[in-house]
Amino acid sequence: MFARFRRVKSVQPTSSAMTAMGWSETIADGDVQIPDRSDVMRAWLDAEWGHCSDLQTRELEVAGENITLVWLRGLVDLVRLESGILQPLAQVSRRRIQMNELVSILHTVNVREISTKSQFNAAVADGQVVLWMRGKSQSLVLDVSDAPGRSINKAENEPTLEGPQEAFIEQLDKNLALLRKRIRSPRLKAISVRVGEYSNSTVCVVYIEGIAKPTLVQEAIHRIHNISVDGLNDINKLRELIGDAPFTLFPTTEETERPDRVCGNLLQGRIAIMVDGSPNCLLVPAQFIHFLVAVDDYYFHYTLTLFIRMLRHVAYWTSLLLPALYVALLSYNQDLLPTPLLVTVAAQHRGIPFPTIIEALLMLMVFEVLREAGTRLPRAVGQSVSIVGTLIVGDSAVRAGLVSPGMVIVIAGTGVASFALPAYGFVNSSRLIQFAFVVAAGICGLVGILILSLILVTHLVSLRSFGVPYMAPIAPFSWSDMKDMFIRAPWFAMKRRPTHLETVNEVSNRTPVPKQKKASGWDLSES
């Protein structure tokens, strides 16, 4: 199952929780202690950080000891560096001072000790200040980092009318803080792993202890720990490296930029994977149903959500099958159409120089080109190009007699139906599959659609996401999990977490069903 992964010894967990789960922090092969001599230290810094114009060093003499501070310009808060490190060191009046005494003197939030060269380089690259003292093979890491980044803004790819408006940014610490703000419990665990020979990126696995299945957490850490790449700067690269079934068109991990959605899934027993530098988060395991669920479903009343979810399911299958059905009915199965409709459609196709299948493929291709052009252009221009371009191209093609009006309506309806789906990555898979359905319909009609549908369903049933069936709770069927699939049951009715996740604690809601008196309203006497 993991044949495509190769263990790399330079990837080191950075959380003490790893030890409790059977993982231990080990020093990478070939790593050595930090030099304790000044001349050796200078030579090593020149060899490692030579030609790095942003590397800053400050040599000080404190209580008769030679101290060197090393940091990178632009990644350190200079105000905190001056007030929390330089000024306290300048005020030391002792004759001799030990390294452990510096911890109480330096006014920084976080101070830790390191002893190897790889830890030294990683701390400097992370934007922290490293304090080295002559004669010591250990150094202190002083956290005064201030990496550049944008502020927390609204979610752009997953907008909602109600509920929180915050979205993740490119800084992992702030993303974790957004989760901590919503789940204020020490059981919310975050395990960090370093990945990348050169990028040394931080990948964080977040879960709730006592809810998430322990073997699921270990599986995620195992897959991340076995990644061997030069750099990991994007969540999509991680998704392809740890996902199941790498050659399938369907995503086996869910991607989101909303912390409220992540917290809701963590409470259900799933785990989140975040990469420092990426504004998106992965949720695993992922099922087919998750990609047809929008965050608005949990902020509106459940009666309205019932209609919206059913409409979204219809829109998905419409975007997938509508062009193919149109081609099949006109090419092979005309007898299934009512006579008045058949006469109208046949009249529209009179004089069209292309067969129906070629006409459908050309229109789908033109629509995809216009959609891609609208995505790549600036937002103010892209929307105008996609709307005006579609109208002009469609009207011109009909007037020129290249396509029929019915085909334009079908392709436009297909595009509108795909826009109703909340997951963009999931929509991309249907955009490709609909071409295959059109070809199958043009060759074998409805029989071709049926055969390809059986192949598609068989493929979906065979998929797994971190060991969990992709089509759960339909296959295998679970009646209790159907409360949050095609419909969303009221919150007081959803008392258990999904059974296919095999959570440690299955009960999620202990609130009794609300009761109301006919005359005096709510019965406030019951506790």
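Side chains included, hydrogens not; waters and symmetry mates left out as well; all remaining heavy atoms used.
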* **Within residues 259-290 or reaching into it, pairs that qualify as ring pair (Phe, Tyr, Trp, His ring centres under 6.0 Å) - sequence neighbours excluded** => F288-Y316, F288-F426
Do [X] and [Y] pair up side chain to side chain, a donor and an acceptor below 3.5 Å, judged on atom types alone?
{"X": "S319", "Y": "Q434", "result": "no"}
{"X": "S192", "Y": "T202", "result": "no"}
{"X": "T305", "Y": "D297", "result": "no"}

Acceptor/donor pairs from residues 441-448 side chains to any protein atom, 3.5 angstrom cut, sequence neighbours excluded:
none

Can you name the residues that form a ring-ring contact (aromatic ring centres under 6.0 Å, His included) with [X], not counting sequence neighbours?
{"X": "Y299", "answer": "none"}
{"X": "Y332", "answer": "none"}
{"X": "Y326", "answer": "none"}

State which residues pass side-chain hydrogen bond (donor to acceptor under 3.5 Å, both in side chains) with [X]; sequence neighbours excluded, sorted by chain then number.
{"X": "K154", "answer": "none"}
{"X": "R258", "answer": "D260"}
{"X": "N121", "answer": "E48, W49"}
{"X": "E209", "answer": "none"}

* Salt-bridge contact R261-E255 (side-chain N to carboxylate O under 4.0 Å) ->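 A salt bridge is absent here (no side-chain N lies under 4.0 Å from a carboxylate O).
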* **Presence of salt bridge, E219 and K213, under 4.0 angstrom** => no
* Would you mind listing every side-chain hydrogen bond (donor to acceptor under 3.5 Å, both in side chains) that reaches into residues 451-461, with sequence neighbours excluded? =>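 Qualifying pairs, neighbours excluded: T248-H459.
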* Does the E257 side chain pair with the main chain of E156, one donor and one acceptor, at a distance under 3.5 Å? -> yes
* Establish, yes or no, whether the cationic atom of R223 lies under 6.0 Å from the six-membered ring centre of F466 and within 45° of the ring axis. => yes
* To do: Assess whether atom CZ of F419 is packed by more than 12 heavy atoms of other residues, nucleotides or ligands within 6.0 Å.
  => yes
* Can you name the residues that form a side-chain contact (heavy atoms from CB on, under 4.5 Å) with D484, not counting sequence neighbours? ->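 Here the qualifying residues are Y298, R309, R488, M494.
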* Asked: Excluding sequence neighbours, so at least two apart, what forms salt bridge (charged side-chain N to carboxylate O under 4.0 Å, His left out) with E170?
  -> R150
